[in-house]
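Step one of this worksheet: look at the structure below.
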Amino acid sequence: SGADGPIIRQYYAAQLLKAGRVNDAIANLQTATRLEPRYGEPWFKLANALKDQNRLPEAEQAYLAAAKGMSDSWRPNLMLGILYIAKMDRPKDAAERFRAAIANAERSTPPASALPYLMLAGALDELGDEAGARTMLQKAAEYPETREQALQHLREMDATPGEQRP
């Protein structure tokens, strides 16, 4: 008999996902979260698997649990924000999650990721806050990871209203 725990369950779930056994992977990740509920990584992986199965309310709850248990909570907050804006039509909630992701990412210098700035810009634009979106795009343009996309969006914002945006 071998040792069972959340880390072993996570690795096994990863192999099951590679083999296309999604339901078995989800079951193992759910077990991992029950074995150690405060450990965020299995929650994050569970949330991603549930999202891929279009089980959105369950994915939302798993991302929230992951954000509570991960020191790099920008990752689940970013993914939850994307889920809100892309699949659940909740741009206000998305903006809140992207702000939380930025706060966590900025704990390191440079930030752990510039993607939350770019994503917050999109959410703010959708909410009609063009000035806020522009500010976030300018911030995203400061980092190599997001520079080209941010500059492209800024160019599109600067196009005259009659021009076609590519």
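Small disclaimer: the values here were computed from a predicted structure and weren't measured.
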ask   = By side-chain hydrogen bond (donor to acceptor under 3.5 Å, both in side chains), which residues pair with R147, not counting sequence neighbours?
value = none
request  = Return the set of residues passing side-chain hydrogen bond (donor to acceptor under 3.5 Å, both in side chains) with S73 (not counting sequence neighbours), or none when no residue passes.
outcome  =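 With neighbours one apart ignored, the set is N104.
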query = Is there side-chain contact between W74 and I102, with heavy atoms separated by less than 4.5 Å?
reply = no
Side-chain hydrophobic cluster, 4.5 Å single linkage: members besides Y39 = I7, Y11
What's the separation between atom [atom1] in [X] and atom [atom2] in [Y], rounded to the nearest 0.5 Å?
X    : Y   : atom1 : atom2 : result
L120 : R97 : CG    : CZ    : 13.0 Å
L78  : F98 : CG    : CZ    : 6.0 Å
M79  : F44 : CE    : CZ    : 6.0 Å
L50  : E60 : CG    : CD    : 12.0 Å

ask   = Without hydrogens or angle criteria, can the side chains of Y63 and N48 be said to hold a donor-acceptor pair below 3.5 Å?
value = yes
Exercise: identify the closest heavy-atom pair between [X] and [Y]:
X    : Y    : result
Q10  : P42  : OE1-N, 3.7 Å
A141 : L151 : CB-CD2, 3.9 Å
A123 : I85  : CA-CD1, 3.5 Å
L127 : A95  : CD1-CB, 4.2 Å
A66  : G40  : CB-O, 3.7 Å

Below 3.5 Å, can you tabulate the donor-acceptor pairs from side chains in residues 15-31 to any protein atom, sequence neighbours excluded?
{"residue": "R21", "atom": "NE", "partner": "D24", "partner atom": "OD2", "Å": "2.9"}
{"residue": "R21", "atom": "NH2", "partner": "D24", "partner atom": "OD2", "Å": "2.8"}
{"residue": "N28", "atom": "OD1", "partner": "R9", "partner atom": "NH1", "Å": "2.8"}
{"residue": "N28", "atom": "ND2", "partner": "D24", "partner atom": "O", "Å": "3.0"}
{"residue": "T31", "atom": "OG1", "partner": "A27", "partner atom": "O", "Å": "3.1"}
{"residue": "T31", "atom": "OG1", "partner": "R34", "partner atom": "NH2", "Å": "3.3"}

task = Begin from the C-alpha positions of L46 and Q61 and carry the test side chain to side chain contact (heavy atoms under 4.5 Å, CB included) through to its verdict.
result = CA-CA 10 Å; L46 175 61; Q61 293 308 308; over 6 Å; no
task = Decide side chain to side chain donor-acceptor pair (under 3.5 Å) for Q152 and E156; before the verdict, give the C-alpha distance in whole Å, the side-chain angles of both, and the deciding distance to 0.1 Å.
result = CA-CA 6 Å; Q152 176 62 37; E156 290 170 7; 3.1 Å; yes
note = The complete set of salt bridge (Lys or Arg N to Asp or Glu O under 4.0 Å) pairs with one or both residues in residues 108-119, sequence neighbours excluded, reads none
ask   = Applying salt bridge (Lys or Arg N to Asp or Glu O under 4.0 Å), which residue pairs with at least one partner in residues 40-57 are found, sequence neighbours left out?
value =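 Listed once each, the pairs are E41-R75, R55-E58.
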Please list, one pair per line, the donor and acceptor atoms closer than 3.5 Å that link side chains of residues 109-119 to other protein atoms, with sequence neighbours excluded.
{"residue": "S113", "atom": "OG", "partner": "L115", "partner atom": "N", "Å": "3.1"}
{"residue": "S113", "atom": "OG", "partner": "E145", "partner atom": "OE2", "Å": "3.2"}
{"residue": "Y117", "atom": "OH", "partner": "E106", "partner atom": "OE2", "Å": "2.5"}

note = The salt bridge (charged side-chain N to carboxylate O under 4.0 Å, His left out) partners of E36 (sequence neighbours excluded) come to R38
side-chain contact (heavy atoms from CB on, under 4.5 Å) partners for [X], two or more places apart:
X    : value
Q138 : R134, L154
K87  : N54, L56, L83
D129 : L124, A131
D93  : Y84, R90, E96

